[in-house]
Amino acid sequence: MIKINKSPVLTSQNYGINYFEIDEKLLNQKFDKFETYKIKNDQNVKVEALNKKISNPMSNELSIQSQNQANFQKQIVFENTSKDITNIKFDVSRPLVDVIDIVVKKDASAKLILEYSSNENMYHNGVLNLTLEKDAELDIVILYNMKNSSNNFVSINSNIDNNSQLNIFIIDFGCQNSVQRLENSLNGDYSVFSLNSIYFGSNTDNLGINYLSNVFGKSTQTYMNSICVLDGHAKKNFVGTIDFKQGSKKSVGDVSENCIMLSKTAKSLSTPILLCGEEDVDGKHSSSLGKIDEDELFYMMTRGISKQDAIKLLIKAKLSKLLNNIFDEQLREKIKERIEDKLNEHR
Amino acid sequence: MKQLLSIKNLFVNVEDKEILKGLNFEVNAGETHVIMGPNGAGKSSLMNAIFGNPKYQKTNGQIVFNDVDITNAKPDEIAKLGVFMSFQNPVSVEGISVFNFIKTAKSKLTNSPINYFDLKDEIDKYVLQLDMREELSKRDLNVGFSGGEKKKAEILQMLCLNPKLAILDETDSGLDVDAIKVVSKGVEMFKNDQNAVLIITHSSRILEHLKVDKVHILLNGKIVKTGDASLVDFVEKNGYAGFEGEN
Amino acid sequence: MDRKNKDFSGASKNDLDFLQDNQNFYDFKNADDYEYKIKKGLSKEIVEEISKRKNEPDWLLQIRLKALETYFKLDLPQWGPDLSELDMDNISTYVKPKTESKSSWEDVPEDIKNTFTKLGIPKAEHQYLAGVGAQYDSEVVYHSIKEDMLKRGVIYTDIDTAVKEYPELVKEYFSKCVPLSEHKFISLHYAVFSGGSFVYVPKGVKLEMPLQSYFRLNSPESGQFEHTLIIVDEGASLHFIEGCSAPKYSKVNLHAGCVELFVKDNAEMKFSTIENWSKNMLNLNTKKAIVGNNAKLDWVSGSFGSKISMLYPMSILQGDNSSTEYVGISFAGSGQNLDTGFKVLHIGKNTTSNVVSKSISKSGGVATYRSIVNILPSAINAKCSVNCDGLMLDSISKSDTIPVNKIACNDITFSHEAKVGKISEEAIYYLMTRGLTEQDAKAVIVRGFASPISKSFPLEYAVEMNRLIDLELEEAKND
């Protein structure tokens with residue numbers, strides 16, 4: 001077993017929270033040329049081959065793979081404001097190691113969708129680098145729809161300069177090992193980082209979610225809002241950290257995770273971490289898990305909705321509030337349909 | 001006339017305390033009934049017991065709706081049979097709009113998909129008649145609604161879902177003039193000779209604008225007196241003290 | 001109130017930063033005058049020597065030796081504050097004061113008696129305590145319990161006496177709550193433990209007045225390893241208070257105590273601590289309780305002193321309908337790293353836990369709230385609510401919150417909320433419009449911030465706690 005996705009600060013060893021463990025053999029894959037993808041972009045967006053090596057902070061082992069065995073490497077540069085949505089769809093029909101470096105130039109703004117889906121049980125090791133220069137804005141939606149016995153390791157690194165805003169939406173429908181790492185740095189003053197995330201775990205899925213926002217700039221904002229839906233024997237380990245560094249005056253930050261457990265056998269581990277080295281900040285975090293409110297259920301049932309439907313409806317209501325942050329209506333509807341399917345397969 | 005609701009010898013406990021103590025009454029199609037009683041008489045318990053709220057345990061008695069025994073039925077089953085209940089303080093649910101909620105509920109009740117445009121026309125019509133703000137149906141269910149808006153949203157649901165029996169909880173709104181107008185207007189729009197209305201209140205104010213067929217006085221967990229609308233005037237003058245000792 | 005006003009007017013306060021901790025109230029030394037001080041370091045010989053001097057039964061010696069073996073095997077924790085400055089070769093683990101345990105203050109040697117008089121112990125005993133224990137370095141020097149408590153069958157004595165007089169009771173419970181291999185410093189504790197209190201409250205006996213044990217470490221380059229074992233039998237109730245302090249020395253001292261609590265079915269217990277170790281102390285303490293059916297255990301914890309603290313009291317909610325509460329405050333000033341929090345294990349049905357934690361960081365101090373909530377599949381209908389607040393008084397300090405929540409049951413209600421930030425400017429402004437200076441306003445707000453905790457203490461201790469807060473906030477540095 002190897003340890004990946006180390007938590008930003010270590011705490012008691014006994015609960016398996018500091019690392020995510022995987023079998024090293026999982027990494028032994030053959031990576032052929034990867035061609036089953038589609039890119040849609042307009043002229044303002046340059047999509048080019050990537051000429052540098054980018055490390056993968058998830059673990060040494062995965063980093064070596066990203067640097068030496070990547071079978072999809074691109075650099076995408078948004079020079080100006082692009083009205084159209086740039087879209088990359090990966091049909092993960094063979095093992096994929098992708099490295100994508102995205103730069104949003106000064107004053108540019110962009111919308112981007114990355115979709116990963118597989119019909120077979122597949123291996124994916126992805127690195128996504130996001131750089132926002134000054135006064136830039138990027139809206140990005142990342143969708144993981146992998147077949148249930150897949151292994152999905154994703155590492156996202158973002159750097160945000162003055163006055164720039166990054167909005168990320170991540171939806172993960174879960175798989176055998178689904179591990180996400182996101183490390184953001186708010187380097188610039190008045191920069192904004194907003195992360196919304198939904199992840200599902202069913203069967204024997206094992207989810208490792210590790211989000212970190214390092215706050216250096218003044219008057220910045222960090223929002224990290226996650227909803228988790230667990231069923232079957234799924235296990236989930238969430239670590240969400242905001243680290244206010246000394247000097248990050250007038251910054252605000254809020255991390256929250258809400259976990260819905262549909263089965264008695266699911267297991268939730270949640271560690272929302274708040275690190276604070278600056279007096280003049282406003283930091284908050286929360287984590288909750290609980291039964292669906294009995295009064296809400298009764299109200300729904302008096303309107304003729306069965307208990308199971310009412311539970312589904314209430315979950316969808318919770319999710320839809322978050323989903324409204326997705327800029328593309330078509331994608332939003334597609335995701336809602338997939339969620340509907342997912343909830344129906346649960347029950 | 002067709003009998004819709006029949007309650008026989010109903011005993012109900014809340015947290016092991018006996019609240020309803022052998023309650024009887026009947027409601028027929030085409031009628032408007034009022035149950036009156038002072039605070040603590042068991043009015044809210046009665047409504048919740050009819051609707052199978054799990055917090056209210058029935059220890060004895062029977063409730064029959066439209067020939068179906070609903071004594072131990074679940075709330076959604078009761079709703080599907082055609083019973084509606086309005087809440088004084090309905091829960092608020094973020095992420096689902098009033099419109100979508102009605103659409104979902106209606107499809108469950110009718111067991112068929114709902115045409116978006118038909119429902120939109122229907123809701124628009126009611127919104128106009130109830131003098132509601134149009135955007136209300138687009139807002140999340142009861143989230144941030146004022147008391148009056150909640151009342152209107154509940155009446156709107158009643159009209160759209162078109163039950164056979166509507167039970168209206170007006171225990172708190174006895175003194176709110178606007179709420180009274182909304183309720184009486186709603187009942188007027190709703191009422192026909194196939195359905196029935198049961199209003200639960202402690203004040204007679206709400207009844208000024210409504211044609212009432214029967215009035216029941218609920219005291220200490222029992223119906224102590226049943227009569228016509230003139231009973232309301234009696235309560236107005238004498239309060240409930242006059243019924244002490246009756247059985 | 002008068003005293004506080006006086007303090008306010010007595011100092012010039014341009015900036016809170018100059019307000020450094022001053023322990024003058026607690027920081028007075030007696031000569032390092034002992035009957036016996038064991039040589040520094042840790043070895044089998046030293047452990048055997050401690051046991052021999054105490055004339056202990058063999059089973060206890062065997063526990064010590066096994067613990068020592070475990071100690072050498074275990075690593076330092078890979079997380080939390082840096083403990084590298086701790087060198088056991090420089091610590092003397094056993095210092096016997098020049099007296100036996102007495103039951104009258106008159107019989108306690110003058111300098112030791114004066115120490116506890118200054119700390120207000122005999123006065124408190126007289127006014128509102130049902131019994132008092134006082135430990136000086138490694139041994140208890142005074143133990144006394146009111147007559148009527150004895151008549152009701154309450155046992156309150158030092159642990160050495162309990163081993164001799166109630167061997168069966170001690171053997172049944174000793175080390176059964178906190179196993180000796182749980183972590184490195186609990187192994188160390190079991191190897192060299194000395195002193196501490198033993199309490200047994202019989203079935204149905206409810207103590208109206210608290211018992212208090214006070215721990216004073218006077219000897220430099222030494223450690224205190226007291227073991228507190230309390231059994232509150234079925235339907236009984238007890239409030240136990242412990243206080244700790246020490247004068248400041250330039251080299252580190254070590255405190256690795258252990259508290260084991262058994263709260264039986266239908267029993268209630270409150271365990272309150274005001275800790276004000278000197279700022280050369282490494283406080284690596286372990287406290288744990290097993291709570292029975294319908295039983296209740298409350299922890300109240302005020303951490304003010306020590307250089308480094310690692311302290312996470314734990315409740316094991318074993319019985320159905322059992323409940324626990326943790327209210328804690330820590331105030332980390334210059335040079336302090338206070339890593340504190342709470343652990344709870346929900347096993348029984350309908351179990352409830354509530355946490356209110358407050359921390360204040362100032363002048364470079366580091367305050368960390370670290371916790372573990374563990375809800376097992378058996379804990380149907382469990383409820384857990386956690387609320388943490390961190391207050392930063394400047395930007396050279398640090399305030400961290402690291403809670404782990406492990407939940408394996410879906411029929412539960414759990415919520416955790418935490419906040420960190422500075423004193424609200426509006427609040428300061430509001431108070432200043434009513435005539436307070438900025439510094440006064442800040443002090444008022446900090447005391448208000450801490451008030452949910454100070455209210456949990458008996459009045460006399462709330463006063464002591466406020467004094468500690470004032471000390472931390474108000475007094476000029478003279479280090």
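Hydrogens, waters and symmetry mates play no part in the numbers below; they use all other heavy atoms, side chains included. We name chains A, B, ... by the order of the sequence lines, and we start the count at 1 in each one. This is a predicted model, so every value here is computed, not measured.
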Task: For Thr271(A) against Pro403(C), the heavy-atom pair lying closest together - done: CG2-O, 3.0 Å

Open item on the list: If you compare all heavy atoms of Asp280(A) against all heavy atoms of Lys422(C), which two are closest, and at what distance to 0.1 Å?
Closed with: OD1-CE, 3.0 Å

TODO: Measure Asp339(C) against the heavy atoms of chain A and call it side chain, backbone, both or neither at under 4.5 Å.
DONE: neither

- [ ] Heavy atoms only, distances under 4.5 angstrom: which of His285(A), Glu257(A), Lys284(A), Met261(A) has the most pairs with chain C? Name it, please.
- [x] His285(A)

- [ ] Look up atom CG in Asp254(A) and atom NZ in Lys419(C), then write down how far apart they are to the nearest 0.5 Å.
- [x] 11.0 Å

- [ ] Inspect the surroundings of CZ in Phe449(C) and state if more than 12 heavy atoms from other residues, nucleotides or ligands are less than 6.0 Å away.
- [x] yes

Open item on the list: If I take atom CG from residue Leu289(A) and atom CD1 from residue Ile375(C), how far apart are they, to the nearest 0.5 angstrom?
Closed with: 8.0 Å

Task: Heavy-atom neighbours of Lys316(A) NZ exceed 12 at 6.0 Å - done: yes

Task: Residue, of Ser287(A), Ser286(A), Ser288(A), that accumulates the most heavy atom pairs under 4.5 Å with chain C - done: Ser287(A)

TODO: Can you tell which part of Ser397(C) gets under 4.5 Å to a heavy atom of chain A, answering side chain, backbone, both or neither?
DONE: backbone

Task: Taking every non-hydrogen atom, the tightest pair across Lys398(C) and Gly277(A) - done: CG-CA, 3.9 Å

Open item on the list: What's the separation between atom OG in Ser7(A) and atom CD1 in Ile402(C), rounded to the nearest 0.5 Å?
Closed with: 8.0 Å

Task: Toward chain C, the part of Lys249(A) with a non-hydrogen atom under 4.5 Å - done: side chain

Open item on the list: I'd like to verify something: which residue of Ala418(C), Gly421(C), Ser415(C) has the highest number of heavy-atom pairs under 4.5 Å with chain A?
Closed with: Ala418(C)

Open item on the list: If you count heavy-atom pairs within less than 4.5 Å of chain C, which of Leu269(A), Asp282(A), Asp243(A) leads?
Closed with: Leu269(A)

TODO: Drop me the distance from Phe414(C)'s CZ to Ser268(A)'s OG, to the nearest 0.5 angstrom.
DONE: 8.0 Å

- [ ] Give the minimum heavy-atom separation between Trp79(C) and Ser12(A), together with the two atoms involved.
- [x] NE1-CA, 3.5 Å

TODO: Would you name the heavy atoms of Met392(C) and Glu279(A) that are closest together and state the gap between them?
DONE: O-CG, 3.4 Å

TODO: Could you look at Ile380(C) and say if it's the side chain, the backbone, both or neither that has a heavy atom under 4.5 Å from chain A?
DONE: neither

Open item on the list: As an exercise, state the distance from CG of Asn410(C) to OG1 of Thr265(A), rounded to the nearest 0.5 Å.
Closed with: 8.0 Å

TODO: Output, in order, the C-alpha distance, side-chain angles, deciding distance and verdict of side chain to side chain donor-acceptor pair (under 3.5 Å) for Glu278(A) and Ser395(C).
DONE: CA-CA 4 Å; Glu278(A) 168 58 49; Ser395(C) 285; 2.7 Å; yes

Open item on the list: I need the Thr11(A) OG1 to Ile372(C) CD1 distance, nearest 0.5 Å.
Closed with: 6.0 Å

Open item on the list: To check you understand the geometry: which heavy-atom pair defines the closest contact between Asp400(C) and Cys276(A), and what is its length?
Closed with: OD1-N, 3.0 Å

